[in-house]
Chemist: 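The following block contains the structure, expressed as structure tokens.
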Amino acid sequence: MSWVLANLEQIWSLTVAHVLLSIAPIVLGFVLAVPIGWFAYRYSISRGVVLTVCGLLYTIPSLALIVAMPTILGTKILDPLNLIVTLTLYAIALMVRTATDAFDAVSKDVLQSSTAVGFGPWRRFWQVELPLAGPVLLAGLRVVSTSTVSLVTLGALVGMSGLGYLFTNGYQRNFPTEILTGIVGTVLIAVVFDLILFFIGRMLLPWARVDDATRRTAGSARVKAVTA
Amino acid sequence: MNLFADAFAWIFDPTHWAGPDGIPTRLAEHLAYTAITVVIATVIAVALGLYIGHTGRFRGFAVGVTGALRALPTLGLLVYLAVLFGLGIRFALLPTIIVLVVLAIPPLLAGSYSGVQSVDGRTVDAARSMGMTEWQILWKVEVPLAFPLILGGIRSAVLQVVATATVAAYISLGGLGRYIIDALPVRDYTKVLVGALLVTVLALVLDGILIICQRLTVPAGVRAIRNSPAQRSTPKSAHAASASA
Amino acid sequence: EDDSAGSDSETVSIGAAGFAESEIIAQIYAQALEANDITVDFKGQIGQRDVYIEALNDGSIDLIPDYSGNLLQFFDDSADAKSSEEVFAALQDAVPDGLEVLDQSEAEDKDSYNVTKEFSETNGVTSLADLAGIDVPLIVGGNPELAERPYGPKGLTEVYGVDASRISFVPVSDSGGPLTTGALLDGTVNIADIFSTTPSIEENGFVTLEDPENLILPQNVLPLINSDKASDKVKEVLNAISAELTTEDLIELNARNQGDEKAEPEALAKDWLADKDLF
Amino acid sequence: MITFDGVSKRFPDGTLAVDNFSITIPSRTTTVFVGSSGSGKTTLLRMINRMVDPTGGTIRIDDDDISTLEPVALRRRIGYVMQNSGLLPHRTVVDNVATVPLLSGVKKREAREAALALMDTVGLDRALADRYPSQLSGGQQQRVGVARGLAINPNILLMDEPFGAVDPLVRSELQQELLRIQQDLAKTIVFVTHDIDEAFLLGDQVVILKTGGRIAQVGTPAEILANPADDFVDTFIGAERGRRALSIRTVDGKEVVVDGTGRLAGILRSPASESSRPA
Amino acid sequence: MITFDGVSKRFPDGTLAVDNFSITIPSRTTTVFVGSSGSGKTTLLRMINRMVDPTGGTIRIDDDDISTLEPVALRRRIGYVMQNSGLLPHRTVVDNVATVPLLSGVKKREAREAALALMDTVGLDRALADRYPSQLSGGQQQRVGVARGLAINPNILLMDEPFGAVDPLVRSELQQELLRIQQDLAKTIVFVTHDIDEAFLLGDQVVILKTGGRIAQVGTPAEILANPADDFVDTFIGAERGRRALSIRTVDGKEVVVDGTGRLAGILRSPASESSRPA
Ligand SMILES: Nc1ncnc2c1ncn2[C@@H]1O[C@H](COP(=O)(O)OP(=O)(O)OP(=O)(O)O)[C@@H](O)[C@H]1O
Ligand SMILES: Nc1ncnc2c1ncn2[C@@H]1O[C@H](COP(=O)(O)OP(=O)(O)OP(=O)(O)O)[C@@H](O)[C@H]1O
Ligand SMILES: [Mg+2]
Ligand SMILES: [Mg+2]
């Protein structure tokens, strides 16, 4: 504990670095995965391929992908982009499947009826499909957020400082307190992110809460989001 | 793509197929870590998941636990346990397995409790009103119907464990991670790629096997439901769902 | 190549390798340069030499503390320099264009092969030269990359004639840290590569095997720097540090970092600079 | 005979679903509980097989207080059919029908034989025996549900809106089938519906319920229709009232009967061909 | 007026859902398509607002060939109500009702006002305006569906089994409500159901369909009931036949009418009080 107090400043700056490294992959992963997921949902031929590729991506050991990045991207070796791109890829891999399920879960009746009352395809997507896929998308995003925050620690193995630094450093010094600090810090960031997403969800999807209460939402898709 | 050519050359070089650092040994080690982990995690998580799913009790707890476990950084936990136990590398297997079990529990737990909860409440109700005991309801109704989802959980768990078991090498165990961790400090990309390729192939093969199991174990009647388009759109009330809520 | 970290020529981006000592020395460099109004940018825990040299080449960092012998071998693995001076001289030639090394310090920290006191006594081993003569399987523990290094197991065979079939290697990714020490203590390995300035050698009474053939080259600490950044002012500051840094300093700094105090590199660097009355 | 004696049920959340309900359900006839949604019909029905335990009062089956009976055993001797058939989706039709006998230890072969015979009873083609429920139409599923309810040859059959989910044509067919079966088997049937039409068709005794399981009127269909006990009953059968206030018109040379809403009710036959109602 | 002229629809998978269908649907009356499942009712209905495009033949609305009209614009001027109300679950009741006007560019405030007025029309309490659909009962949801269908004040209202999913009491209420609304508004309603009872109640013109959208009989309810065109129609209204073959009995001193199944159909009023059906 005294070590923590003595090093608050360093821990804080690592925390900030960690947060900064986490945000981009989460946001980018989400923004990219939704259209891909929609595509896979819409065009069933592409579905198998897209989902398989995502499954494949997810099996590549993260470390290998991070170190391979400079070769693939032509980035500098310590460029945070390496980590960000890697984690974005994982986020996409996780999120695409959920996004597909999310669109799947939107009631076909509602879609039919919105077409019937005169929504064009574009409006229908923005005003009906996307918001209705919202709850499942959000559930998936929360999983992605948590796992990304946790994966950022791997950056420490390749010189990207975040709270993972405390792991490698504490390991070399045989210093459990330092490692534990890193673990707790990581979990805290994940929790804070999760809460933020939860409240964003409440704000953007007020009807989902009502729906939850009446147990009507497409639960099974959300299960998949969570078991993924 | 030259890198890939090199990696394949490396893999197909017969000298890499023998000895303690040979591909068969590493594969076997990797499989062993995976198997031990998945078995332990399955026993813990599925038992817990079935209990929670059947009774509906402690669901909040399960949701919290899965979330929290997911947030635990694997690497951190690994080195923490390695250092904390002070066991040196002789018992490196213990922290490694613990960490991998922690990793495998969330999908398994979520799969099994949401699997049970996704079983139509009316079916369970009917089973009970026919005079099935709770135990019979669990084993004759809920488990068979939840099985595809439980296996789905096992699939995710296996994928994650296979991909992550590479970290075992960080605390000097074997497995395919050895190729990656050894090659990392010297930037031997070919070998890193070899490790990654082997892990990916292993994951795919295992996943393929599990997919086949999943197909085979979907109760025939449930398969019929899936195939009848009329029913496909009816979402089950798998409210376990709000798992993340 | 545009150098993102140093578009302002007075900003020096300092890196540290993936272990504590490197970080402490890098912190000393950084604080000293800052005290002389040079803006610095610190990037810790980059990894091993292969990584940070690449980082120097691609401009991610400009300056890093390094060790003369290994650095020479990295750039020229056929070099046959042996003494500290020879190595330094050879190194100055071997360093590729765009990089340069500044004055080397007296402080040295090198890989060293250690055995337990018990092993040493039972087998009568005090030097690497004794290894070829004993009939015990040798299990060497060290960082994974040691397996590839000329002074690793290969070197034992080539230089000291130890039968390769008798040597096995156990990789431990903690740079001679607690796991390596633990492995030596519990017999998982019987020879461990531990950096010579590591406090645990003394704490556990390990016997560091002598190296009469200079398999392991002298490893004086010196700054490796991007020539563009090696302004007179920078050189002056870094050379002043090298003039003061000793092996004993390193041992003490490491002990404070890894022992009960768990002092952080930043604080250690500050103390050292104050101690030496520099800047 | 089933007797409810001052039975109440308050759910843990405070809802008083049934309030001091007393009635006698005679053996070997059909008693229908009818009332709108939430009036406590299901709760009453489920108290008979102890799926719900009353919070007050006693329920007796042939003088046994059911609270002294073991629930699982009790349920195995009472048939239960519910709206969504509640079939086990992972078992074939014949296995579904045979479930309860198998649970009670009947030999597999025997149970299967009996199940096939029951399929005949409820008018299901034996060819469907090896299908899964999802491969049947809604009406067929309900027939399987009825067969399952009869599988243990129970004296009592509880039916909770068994035909509520099937389309009107099929529903009508199932109702006729049930009348036929009941004529043959003469079980004690307790039937729940919110369709007053169905209640009047099937019930020997009809119990009209208000919220809280309060009895508005008990009687045979003709009694209730001829003399509604109060305004509630009057309103409740109100939707029927219009339709049941008939008058005669002539269309296309035939005498047709129209109801109070002006809708065609039917065509008048000569009084000679009058058929008398069973029971 | 809507005219179908030799319209066919073959789905890409080869199903011939509608085969050479011709009919005229007069304006300002209700035409009901009735037929069992799969007879092509929904397909016919959806061809009117181009949710499905015919593979042969022409459909005209007041002499405009609809295949020349822009589908989205067409849909915005035709009301559509379906079984599962198809409400947008993420919008409140009033927003749901106002959806189409808003799409067509009506001002928000105005659309809301109009929506509230429509809620009155369909008998929904304005207090429900800010609820979400999931917070309403099934019957209320259907009312919202009807209100939404009326929101653009369309000449044509298409209704696809709008009351199929609500319970019989509520269904009966909704049917009465629809009759009332139609009396006031006199839209051209095309109504789909498989409930012959509902068809006879609501339809000015009833179209009985066989598989493939083949017309078995077209006529007013009385015409069909009095003279079924063929055996198919006879069987189709068969379940009704028994119920509509009425005869007179005396119970408790009152003249009651019983149907062919022996069930009580109603009580006979004096012919004087005969009410005439709004046509
Ligand atoms: N498990 C429960 N917990 C709390 N309240 C309950 C429970 N089950 C039923 N209720 C309440 O008890 C009342 C009676 O419910 P019940 O299901 O018996 O009605 P019902 O007449 O069968 O209605 P329906 O026609 O809709 O099936 C309702 O107000 C209902 O909300
Ligand atoms: N999109 C489609 N693709 C292929 N076949 C279809 C499609 N839509 C409907 N059909 C088929 O066309 C026929 C008529 O279907 P339709 O939905 O019009 O019947 P319906 O009379 O409305 O039946 P229901 O009463 O069940 O709603 C059926 O055989 C149906 O399976
Ligand atoms: Mg009920
Ligand atoms: Mg239809």
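For the numbers below, each heavy atom of this structure counts, side chains included, while hydrogens, waters and symmetry mates do not. Per chain, numbering begins at 1; letters A, B, ... match sequence-line order.
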Chemist: Within the supplied structure, the quantity of interest is the number of heavy atoms (other residues, nucleotides, ligands) at a distance under 6.0 Å from D:Lys187 NZ; does it exceed 12?
Modeler: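 Counting other residues, nucleotides and ligands, NZ of D:Lys187 exceeds 12 neighbours.
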
Chemist: Considering only heavy atoms, which portion of D:Arg131 lies under 4.5 Å from any heavy atom of chain B: side chain, backbone, both, or neither?
Modeler: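 Neither the backbone nor the side chain of D:Arg131 comes within 4.5 Å of chain B.
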
Chemist: What are the two closest heavy atoms between B:Thr123 and D:Leu87, and how far apart are they?
Modeler: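 In this case the closest contact between B:Thr123 and D:Leu87 is CG2-O, 3.8 Å.
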
Chemist: Can you tell me how far CZ of D:Arg46 sits from CZ of B:Arg128, rounded to the nearest 0.5 angstrom?
Modeler: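 If I round to the nearest 0.5 Å, the distance is 8.5 Å.
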
Chemist: Which value, rounded to the nearest 0.5 Å, describes the distance between D:Leu103 atom CG and B:Thr133 atom OG1?
Modeler: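 Rounded to the nearest 0.5 Å, the CG-OG1 separation comes out at 8.0 Å.
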
Chemist: Indicate the atoms forming the closest heavy-atom contact of D:Gly86 with B:Ala126, along with that distance.
Modeler: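 Between these two residues, the closest heavy atoms are O-CB, 3.2 Å.
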
Chemist: Tell me, yes or no, whether the heavy-atom count around D:Asn155 atom CG, taken from other residues, nucleotides or ligands under 6.0 Å, exceeds 12.
Modeler: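 No, not enclosed.
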
Chemist: Could you check if a side-chain atom of B:Met130 sits within less than 4.5 angstrom of a side-chain atom of D:Arg76, using non-hydrogen atoms only?
Modeler: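 Counting from C-beta outward, B:Met130 and D:Arg76 never come under 4.5 Å.
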
Chemist: Would you say that more than 12 heavy atoms from the other residues, nucleotides or ligands in this model lie under 6.0 Å from the CZ of D:Arg28, or not?
Modeler: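 Incorrect, the count does not exceed 12.
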
Chemist: To the closest 0.5 Å, what do you measure between OG1 (D:Thr99) and CD (B:Gln136)?
Modeler: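 So the gap between those two atoms works out to 10.5 Å.
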
Chemist: Checking B:Lys140 against D:Arg91 for the side-chain contact (heavy atoms from CB on, under 4.5 Å) test, could you report, in this order, the C-alpha distance in whole Å, the side-chain angles of both residues, the deciding distance, and whether it holds?
Modeler: CA-CA 10 Å; B:Lys140 295 186 183 218; D:Arg91 299 208 177 161; 3.5 Å; yes

Chemist: What's the separation between atom CG in D:Asp160 and atom OG in B:Ser129, rounded to the nearest 0.5 Å?
Modeler: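 One finds 10.0 Å between CG of D:Asp160 and OG of B:Ser129.
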
